[in-house]
K.L.:
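What follows is a structure written as structure tokens; I'll ask about it next.
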Amino acid sequence: MKSVEALLPLVLDSVPQPVWVVDAEGLILFANQAAVSALGYDDLSQLRGLPSHETVHYKRVTGEPYPAVECPMLRPRLTGEPAHGDDDWFVRRDGSLFPIAWWSAPLDLDGSPALVYSFTDLTERRAAERMIRERDAAEVRAVESRAAQRRIVENTAEVRRQMARDLHDGVQQRLVALLIGLQLAREEFPPGEAELVDDAIKQAQAAIDDLRDLVAGIHPAILTSRGLVPAVEALAARTPLPVVITGNLSRRLLRTVEVNAYFVVSEAITNAVKHARAGEIGIDLSADDTTLTLEVRDNGAGGAGLDGPGTGLIGIADRITALDGRFSLSSPPGGGTTLRAAVPLT
């Protein structure tokens with residue numbers, strides 16, 4: 001049977017924890033295979049007899065020299081107490097540095113104050129921690145980006161609403177007053193002598209009609225006064241294709257949700273009319289306690305995609321994403337296009 005002294009190196013060589021022993025002068029007496037490999041050597045003979053600190057711990061991570069008198073790993077030889085460090089670096093045979101946690105304990109070696117060391121290579125742990133930090137930072141940036149997008153969407157909706165109201169209360173009222181004045185002035189002219197006034201009346205009425213269309217495109221008044229479904233119904237009535245509206249939306253929603261849902265539907269209808277060569281459009285609007293779900297589909301040519309030449313679908317996707325919503329598009333060639341979106345109501 002082998003003696004304990006003979007078994008000890010065999011046991012240490014079989015464990016994955018790097019371990020080595022230095023004598024009273026700090027020279028390496030023994031290193032198990034895990035330590036030899038971690039430090040970049042082939043076998044113990046390349047380490048035995050070398051000064052421990054000057055071989056594996058002689059420079060800081062900054063590249064500056066690390067004097068042995070400042071090394072806490074050597075302190076147990078003087079204090080007789082074990083020591084430990086979680087943030088240190090060792091030097092491999094090729095001069096490269098790697099992060100470690102280490103343990104150092106005094107050892108009585110035939111009456112001489114020796115030391116036994118062990119360490120753990122923290123390279124993989126540090127890499128994992130860095131990945132977690134980078135992932136967390138990316139998530140924070142994504143949240144901040146979505147919050148910024150949402151603020152932009154909300155501010156844009158408010159600006160559009162204010163602009164529409166200003167045009168309605170300002171320019172449109174002045175044009176209406178001008179039209180009434182022209183109509184009153186028309187009554188002062190004999191029949192057949194007011195062609196210029198008649199033409200001015202037609203031009204004023206046309207300007208009012210154009211302005212109303214512009215206001216409706218910026219922010220329809222019916223959306224503010226009556227809500228999403230009546231606004232979509234009014235939009236469908238102006239669409240040159242048959243539009244079928246279904247759903248269970250029977251209540252008013254947050255203004256931001258209503259405004260952006262309306263413009264999603266509006267853009268989807270515009271795409272169907274201009275590009276899809278569709279014969280019919282279907283719109284579904286429904287909501288539960290937490291989510292508005294909308295779907296716009298057509299029976300057109302299909303083949304639409306976010307990577308296409310236009311920006312309409314990208315704008316829809318950005319608008320939905322800014323509201324923390326989900327967006328999907330199905331548009332197989334020849335199979336029509338279906339756009340679906342789900343927007344949180346809070």
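FYI, side chains are in, hydrogens and waters are out, and symmetry mates aren't considered; it's all heavy atoms of this structure. Numbering of residues begins at 1 and proceeds along the displayed sequence.
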K.L.:
With sequence neighbours left out, what residues match Arg252 under salt bridge (Lys or Arg N to Asp or Glu O under 4.0 Å)?
P.N.:
Glu258
K.L.:
Could you pull out all residues at least two apart from Trp102 that satisfy ring pair (Phe, Tyr, Trp, His ring centres under 6.0 Å)?
P.N.:
none
K.L.:
Suppose we screen for side-chain hydrogen bond (donor to acceptor under 3.5 Å, both in side chains). Which residues come up paired with Thr290, at least two apart in sequence or across chains?
P.N.:
Asp288
K.L.:
List in chain and number order the residues that pass side chain to side chain contact (heavy atoms under 4.5 Å, CB included) with Glu134, two or more places apart in sequence or in another chain; answer none if no residue qualifies.
P.N.:
Arg130
K.L.:
Return the set of residues passing salt bridge (Lys or Arg N to Asp or Glu O under 4.0 Å) with Arg75 (not counting sequence neighbours), or none when no residue passes.
P.N.:
none
K.L.:
Does any pair with a residue in residues 234-261 pass ring-ring contact (aromatic ring centres under 6.0 Å, His included), and if so which ones, sequence neighbours excluded?
P.N.:
none
K.L.:
State whether a side-chain donor-acceptor pair under 3.5 Å links Thr338 with Glu295.
P.N.:
no
K.L.:
How many angstroms lie between CG in Asp88 and SG in Cys71, if you round to the nearest 0.5 Å?
P.N.:
7.0 Å
K.L.:
Would you list the pairs meeting ring-ring contact (aromatic ring centres under 6.0 Å, His included) in which at least one residue belongs to residues 121-140, sequence neighbours left out?
P.N.:
none
K.L.:
Give the other cluster members for Val69, using side-chain heavy-atom distances under 4.5 Å between Ile, Leu, Val, Met, Phe, Trp and Tyr residues; answer none if it is isolated.
P.N.:
none
K.L.:
Running the 4.5 Å side-chain criterion over Ile, Leu, Val, Met, Phe, Trp and Tyr, what cluster does Trp89 land in, apart from itself?
P.N.:
Tyr58, Val61, Val91, Leu97
K.L.:
Ring pair (Phe, Tyr, Trp, His ring centres under 6.0 Å) with Phe90: which residues, sequence neighbours excluded?
P.N.:
Trp20, His57, Phe119
K.L.:
Any salt bridge between Arg93 and Asp42, counting N to O under 4.0 Å?
P.N.:
yes
K.L.:
Taking CZ in Arg60 as the centre, count heavy atoms belonging to other residues, nucleotides or ligands within less than 6.0 Å. Is the count above 12?
P.N.:
yes
K.L.:
How about Leu294 and Ile283: do any of their side-chain heavy atoms sit closer than 4.5 Å?
P.N.:
no
K.L.:
Report, as yes or no, whether the 6.0 Å neighbourhood of atom CD on Glu25 holds more than 12 heavy atoms from other residues, nucleotides or ligands.
P.N.:
no
K.L.:
Between Glu280 and Arg297, does any NZ, NE, NH1 or NH2 come within less than 4.0 Å of an OD or OE carboxylate oxygen?
P.N.:
no
K.L.:
Just to verify, what does Asp87 make a salt bridge (Lys or Arg N to Asp or Glu O under 4.0 Å) with, not counting sequence neighbours?
P.N.:
Arg126
K.L.:
Kindly write out the residues that satisfy side chain to side chain contact (heavy atoms under 4.5 Å, CB included) with Ala114, not counting sequence neighbours, or none if the list is empty.
P.N.:
Leu107, Leu109
K.L.:
Is there side-chain contact between Lys59 and Pro65, with at least one heavy-atom pair below 4.5 Å?
P.N.:
no
